[in-house]
2 protein chains.
Amino acid sequence: MIMLDERTKKILYAVVENYINFPDPVGSRTVAKGYSFGLSPATIRNVMADLEEMGFLLQPHTSAGRVPTDMGYRFYVESLIAESAFLHKEPLRELYKRLETLRDNIDILFSETTKTISTLSHYLGIAMSPKPEVTTLKKIELLKYKDDKIAAILFTDEGMIKNKVISLGAEITQKDLNRIAGYLNSEFSGHTFDEIRQKVVQEMSKEKIMCDRLISRALKICQEAFYFLYGDLFVSGLSEVLNLPDFTDLKKIKELSRAIEDKHTIIKLLDKLSELDGVQIIIGSENSMDEMKKFSIVVSACKEGDRPIGVVGIIGPTRMNYSKAIYIVDNTARFITRILAER
Amino acid sequence: MIMLDERTKKILYAVVENYINFPDPVGSRTVAKGYSFGLSPATIRNVMADLEEMGFLLQPHTSAGRVPTDMGYRFYVESLIAESAFLHKEPLRELYKRLETLRDNIDILFSETTKTISTLSHYLGIAMSPKPEVTTLKKIELLKYKDDKIAAILFTDEGMIKNKVISLGAEITQKDLNRIAGYLNSEFSGHTFDEIRQKVVQEMSKEKIMCDRLISRALKICQEAFYFLYGDLFVSGLSEVLNLPDFTDLKKIKELSRAIEDKHTIIKLLDKLSELDGVQIIIGSENSMDEMKKFSIVVSACKEGDRPIGVVGIIGPTRMNYSKAIYIVDNTARFITRILAER
DNA sequence: TATTAGCACTTAACCACTGAGAGTGCTAAA
DNA sequence: TTTAGCACTCTCAGTGGTTAAGTGCTAATA
């Protein structure tokens, strides 16, 4: 990390904050006037030129003021985190009252959470419900549909219910299904989906020797049922961000809409981020997704112990009110965590 | 309906079709040249002036060509429907092969269908999965969660699985829950959700006299479980429509995004439309939703007998290729209907 | 009588130009 | 080391002139 003396830092922060508040490039005069450094514009100009040379600021054109680079935002955000200024603010409890009533239905809870976040922040609210990989099986239920088709319903301790229809290739009676479900429950309930998947593989290799027809069927069903399950991604607030001055450019809107339609990539990204603790921030070009390189992401995982049970966050322009965003995301994540723990 | 003589109609259709193909106001010269009426631009001009007087066309400004009004589109679309030209085209079976593999999971089927529709049409693809009101209960399952909380899982004959967590206010054993579920299944399975709701109300009034504690609990659970269930609405293809010349205007983009975020209103609209047979078309100002007054909707319900089991459709600009849209929607609806019937 | 050629008229779109305003970098003085 | 002063650069909004498209009207024509 490049070291900057106190005065230079302060000027950088002033530029960033001013730009976050007013979407125009900020000039030396503005900084000198608005932030009482006791310095003349000329001096500020020199410092700003230095900051530009170091890559923290850039000029859109010669006669314009300066705008932070992604590196500039990063430096600013690091200082925000170091100060943890946002932690001292009062929590948003009042605003979450409505969400509280939804605690029982986890999908609706997460989708409504994105709406609350986008209303509060005026950016895109995002949330991902727990990915089944890390959730604990409470009970599995098998139900015969038609011919060789059965439905497998997986209940997790977290309150999620996932279902999958499976074609067996041969008919089966409901009675057999009940026995299979009984076996699977005795064997697997209380384990995470990940553990179950591993166990199934192990059992299947043993099974080759044991050759119990029912058990082998059970394992096959199980393999299908637990294959390829993802958390659901919710996004809302597009009309909020379209009101921002950052989105008067059609090209940028297109990029954003393409980015949020590529749910699969975002899910993978959030998956990775959900492993980490606290608020995570990805600024513009730091993002690995091409369409996201002009936007920033602020997310936090909701955890139960150290197991991630969901992710909430914000997507917005790099010119984002990071302080407010961090504050909202941090608060929301804590709130969801608490709500899910209390249940 | 205003009657137009053959020549006037032809000229109206020519203007509409030309405008659909090229997003510029169409002038008399273009019509005369491109559509071999054997008339000079001057004559065409006179007819176009008449059409404008009658409200089928309008001029953006004095020296521009003409553009269809919503009434103009309506007249054109009526003739399309009368000819049923689109019915003669070959079905899109090839393109639906991928969807066929998803038939077992109805939610994913519908959400992927919207993607297919938007890719084919370059407009927004929309779909609504069966609203539970009209679906038939196959089985209800009750599972104890924690304290006084239970999960009710509703399986429908259509292959949908809905779940709801209910707080009872007092603890209950799983054994009791099983008995309640057994009772509810014997009583209600095979009935539509609507019927069940009515039955519950009836039973509850009787129950006041009979006073069986378990049954009264069962009915209470049932009432909760079947309360307020909606079909899910899926929308995709925003980045498709942003590429249309109709959406270079930020204001229009905002309107569209606000419209599709108001899922509740769209669901109610589709609900109404799902009662009708065949492809339904709503053009611009015909729409009751304010935000939708600049867009058109083309939808068709998927039916099982005369029971709607879902809706698929397109949202796009009023300058839409209606012929293609109708064709795609009609085909898709038939395809989904077939797939759900075969199951 | 219906159609058409001719023409004057209207308007948007494009382009080059201009002046104002904002903000810079550099230099020389404090 | 800081600052005042100044020349310089660039954007932006506004202006005026030109072009092209398309119209409506009128008078001639089949």
Side-chain angles (χ1 to χ4, degrees), chain A residues 4-12 14-19 21-69 72 245-246 248-250, chain B residues 4-12 14-19 21-69 72 245-246 248-250:
Chain A
L4 302 178
D5 66 85
E6 210 50 38
R7 194 181 71 175
T8 314
K9 268 193 217 167
K10 286 260 171 66
I11 289 175
L12 174 57
V15 173
V16 174
E17 272 169 19
N18 203 285
Y19 188 58
N21 290 324
F22 311 96
D24 301 301
V26 352
S28 54
R29 215 185 100 93
T30 314
V31 176
K33 280 227 165 181
Y35 294 82
S36 56
F37 286 109
L39 293 173
S40 77
T43 313
I44 308 271
R45 261 204 300 284
N46 287 326
V47 179
M48 280 164 82
D50 293 346
L51 282 167
E52 178 159 12
E53 220 164 73
M54 290 186 276
F56 292 108
L57 298 178
L58 75 83
Q59 273 182 294
H61 55 87
T62 333
S63 80
R66 256 91 174 190
V67 157
T69 59
D246 309 76
T248 39
D249 181 16
L250 189 64
Chain B
L4 301 178
D5 66 85
E6 210 50 36
R7 193 181 72 176
T8 315
K9 269 193 215 166
K10 286 259 170 68
I11 289 175
L12 174 58
V15 173
V16 175
E17 272 168 19
N18 202 286
Y19 187 59
N21 291 324
F22 312 96
D24 302 302
V26 351
S28 54
R29 216 185 98 94
T30 315
V31 176
K33 278 225 167 182
Y35 293 81
S36 54
F37 286 108
L39 293 173
S40 76
T43 312
I44 309 269
R45 261 203 301 283
N46 286 326
V47 178
M48 280 164 84
D50 293 345
L51 283 167
E52 178 160 14
E53 221 162 73
M54 290 186 276
F56 293 108
L57 299 178
L58 73 83
Q59 271 182 295
H61 56 86
T62 331
S63 79
R66 255 93 175 189
V67 157
T69 59
D246 309 77
T248 39
D249 181 16
L250 187 64

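So you know, we letter chains A, B, ... as the sequences are listed, proteins then strands, and number each from 1.
Summarising the geometry of Leu57(A) relative to Pro68(A), their closest heavy-atom pair is CD2-CA, 3.8 Å, with the distance given to 0.1 Å. In this structure, Gln59(A) and Arg66(A) approach most closely via the heavy-atom pair CG-NE, 3.6 Å. Between Pro23(B) and Pro245(B), the shortest heavy-atom contact is CG-CG, 3.7 Å. Minimum heavy-atom separation, Tyr35(B) to Thr30(B): CD1-O, 4.3 Å.
The nucleotide range of DNA chain C contacted by chain B, defined by atoms under 4.0 angstrom from heavy atoms of the protein and reported 5' to 3', is dT3(C) to dA12(C).
For dT11(D), neither phosphate oxygen OP1 nor OP2 lies less than 4.0 angstrom from any side-chain nitrogen or oxygen of Thr62(A).
Note that CZ of Arg7(A) and CD1 of Ile44(A) are 7.5 Å apart. Values are rounded to the nearest 0.5 Å. The structure places CZ of Arg45(A) at 7.5 Å from OG of Ser40(A), a figure rounded to the nearest 0.5 Å. Note that the CD atom of Glu6(A) and the OG1 atom of Thr8(A) stand 9.0 Å from one another [nearest 0.5 Å].
Here the P atom of nucleotide dG22(D) and the CG atom of Leu57(B) are 15 Å apart, to the nearest Å. For Ile44(B) and dT23(D), the CD1 to P distance is 10 Å, given to the nearest whole Å. In this entry the distance linking NE2 of His61(A) with C1' of dC12(D) reads 9 Å, nearest Å. For the pair Ile11(A) CD1 and dT2(D) C1', the interatomic distance rounds to 12 Å; values are reported in whole Å.
Only one option out of Thr43(B), Ile11(B), Leu12(B) pairs with Met48(B) in a side-chain contact (heavy atoms from CB on, under 4.5 Å); it is Ile11(B).
Near DNA chain C, meaning a heavy atom under 4.0 Å from it, residues 31-42 of chain A has no residue at all.
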Readout for nucleotides 15-21 of chain D: B = base within 4.0 Å of protein heavy atom, S = sugar-phosphate only, - = neither; 5' to 3' it is ------B
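In this structure a side-chain-to-backbone donor-acceptor pair under 3.5 Å is present from Thr69(A) to Gly55(A). Panel note: side chain Asn21(A), backbone Glu17(A); a donor-acceptor pair is recorded below 3.5 Å.
Taking 4.5 Å as the limit, every side-chain heavy atom of Asn18(A) sits out of range of all side-chain heavy atoms of Val31(A).
Residues Pro60(B) and Asn46(A) each lie close to DNA chain C; by heavy-atom proximity, the contact nearer the 5' end of the strand is made by Pro60(B).
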